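In the text below, chain A, chain B and the rest are named by the order of the sequence lines, each starting its count at 1. Since the structure is predicted, the reported quantities are computational estimates derived from the model, not experimental observations.
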Amino acid sequence: MQRRIALVDVNNFYVSCERVFRPDLEGKPIVVLSNNDGCVVARSAEVKALGVPMGLPWFQMKELAREHRILAFSSNYTLYGDLSSRVMAVLGQFAPDQEVYSIDESFLDFTRQPHLDLTATGQTIRQRVKQWVGVPVSVGIGSTKTLAKLANHVAKKRADWNGVCDLDTLPGSDIDALLASIEVREVWGVGRKTAMKLAEQGIRSVADLRAANPHRLRERYSVVMERTVRELQGESCIDLEEDAPPRQQIIASRSFGAPVWTEAELAESLRAYMGRAAEKLRRQHGVAGRVGVWLETNRHRLQDAQYHPSATLPLPAPSDDTAVLTKAAMTVLHHLYRDGYRYVKAGVMLLELGERNVEQGQLFADAPSATDPLRTALMATLDRVNARWGKGTLGIGSAGLRQPRRWAMKRGTMTPAYTTNWDDLAIVRA
DNA sequence: TCTGGGGTCCTAGGACCC
DNA sequence: TCTGGGGTCCTAGGACCC
């Protein structure tokens, strides 16, 4: 049976979020910056029109920003996360099956409603999300997830389609012409490297890729590429994942606000990161069997000595205890640390994740067991206090208590937490 | 002199996504 | 001076076993 899948996403998501509570920003050139105000991670249409690419370092475009009065915002993930759940809730009302694919994208499966007019439905979706949440979305429809993604791209490019494109309503000849006009790089799963390799074979447009032999491409690339080609040809190979599968790893890392040199400072930052990673782990009722740490110097500074070590350490027994996990991270750090490098980033990783309740106690382990009731109560308290009073209020050891914290990130221009903090509620004046 | 072969598990690294 | 963070999947290659 022919599937009918829609991919709905929010246009310039972070920028659109900032505009919800600042309507005066409508029509003005805006960017949202990554942590540490490092790179551009979202651009308004006005900024895209100026040719600013995704990921451009902010310091490299300050001149342009002055010239064109571009406004920059530090990213406000609390706000984006909250608006994201609202958008997803509204979208979920339209189709029986929904996969929340990312913070701003959702697949909807309409296969079970074969007679529904999806172009009209797409327009209704756009209106309702705009009215109820305040952000603009685009809708792409096709018979596979890959085609729906492509249709979504098309919906944004063709102003006359008003934000909705259903490939299955187009005559075959129109689709051929359309796909021939789109670069293969736009296909979901084809990145920069793959696009270059494909070009060597003369495959440049989406039409070229669709016409390729999936078997042949599998030999030169991988099963992923084979699936992509089949999906372009209309054969559905990637299913909707309605329930998010449990995470296989948890990462917490940050670039530092200023470079650090000492093991003590690295240790302090890693303790803070592990606090957050362990909290995430407990939220999904998981335990970790292995802990990883990595360090980075600045790869862009060619004059600097480079050192990018990483290592992992298995735990004697799987655990969700911040103290146990932190201790392991400190062991790894001590093993990795070398004097004399200008470190700019570090991170921790929780690996070999398992479910907490199926965890077996280990007979002769001297480490606190993951099911020790006292530790469990302590960790639950830690999570509650931090949820109520803000991240990092309570930590293990000296996680972030010493001043000054050179490694702490810089955020120059963050907007208030309009929707999640009473003190930041927008005030309406009559 | 002549030095197997196949399977499995693990890890590192690459490529991709948002 | 200033260059994000958090994920997934796949492959190649080494270690190890019989």
message: Checking A:Asn76 against A:Ser74: is there a side-chain donor and acceptor pair closer than 3.5 Å?
response: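 A:Asn76 and A:Ser74 do not have a side-chain donor-acceptor pair below 3.5 Å.
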query: List DNA chain B stems (3 or more consecutive Watson-Crick/G-U pairs, under 3.5 Å)?
result: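 Stems (3+ consecutive pairs) listed as B:5-18 with C:5-18.
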Give one of base, sugar-phosphate or nothing for [X], where a contact means two heavy atoms less than 4.0 Å apart.
X        : result
A:Lys280 : sugar-phosphate
A:Trp58  : nothing
A:Val190 : sugar-phosphate
A:Thr194 : sugar-phosphate
A:Arg227 : sugar-phosphate
A:Val187 : sugar-phosphate
A:Arg299 : nothing
A:Ile250 : sugar-phosphate
A:Ala252 : sugar-phosphate

- request: For residues 48-57 of chain A, pull every pair meeting side chain to side chain donor-acceptor pair (under 3.5 Å), keeping only residues two or more places apart or in separate chains.
  value: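 Matches after skipping sequence neighbours: A:Asn12-A:Lys48.
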query: Taking for each residue the nucleotide of DNA chain C bearing the nearest heavy atom, is the 5' side occupied by A:Ile251 or by A:Tyr221?
result: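 By nearest-heavy-atom nucleotide position, the 5'-most residue is A:Ile251.
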- prompt: Which residue, A:Glu241 or A:Lys345, contacts DNA chain C at a nucleotide closer to its 5' end, judged by nearest heavy atom?
  reply: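 The residue whose closest nucleotide sits nearer the 5' end is A:Lys345.
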message: Measuring only between side-chain heavy atoms, which start at C-beta, is A:Asp166 closer than 4.5 Å to A:Val139?
response: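 Contact flag for A:Asp166/A:Val139 side chains = no.
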field: Closest contact, heavy atoms only, A:Tyr341 versus A:Gln306
entry: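 That would be CE2-O, 3.9 Å.
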field: Heavy-atom closest pair, residues A:Tyr273 and A:Ala252
entry: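 Looking at all heavy atoms of both residues, the closest pair is O-CB, 3.4 Å.
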With sequence neighbours left out, write down each residue that passes side-chain contact (heavy atoms from CB on, under 4.5 Å) with [X], or none if nothing qualifies.
X       : value
A:Ser84 : A:Phe13, A:Met88, A:Ile103
A:Ser75 : A:Val32, A:Asn35, A:Tyr77, A:Tyr80
A:Asp97 : A:Asp109, A:Arg112, A:Leu240, A:Glu242

- request: Give the first and the last nucleotide of DNA chain B, reading 5' to 3', that has any atom under 4.0 Å from a heavy atom of chain A.
  value: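 Nucleotide range in contact with chain A: B:dT11 to B:dC18.
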query: Taking NZ, NE, NH1 and NH2 as the nitrogens, is one of them in A:Arg66 or A:Glu63 under 4.0 Å from a carboxylate oxygen of the other?
result: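 So A:Arg66 pairs with A:Glu63 through a salt bridge.
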Whole-Å P distance, C:dC17 and B:dT3: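 Nearest-Å result for C:dC17 against B:dT3 at atom P: 24 Å.
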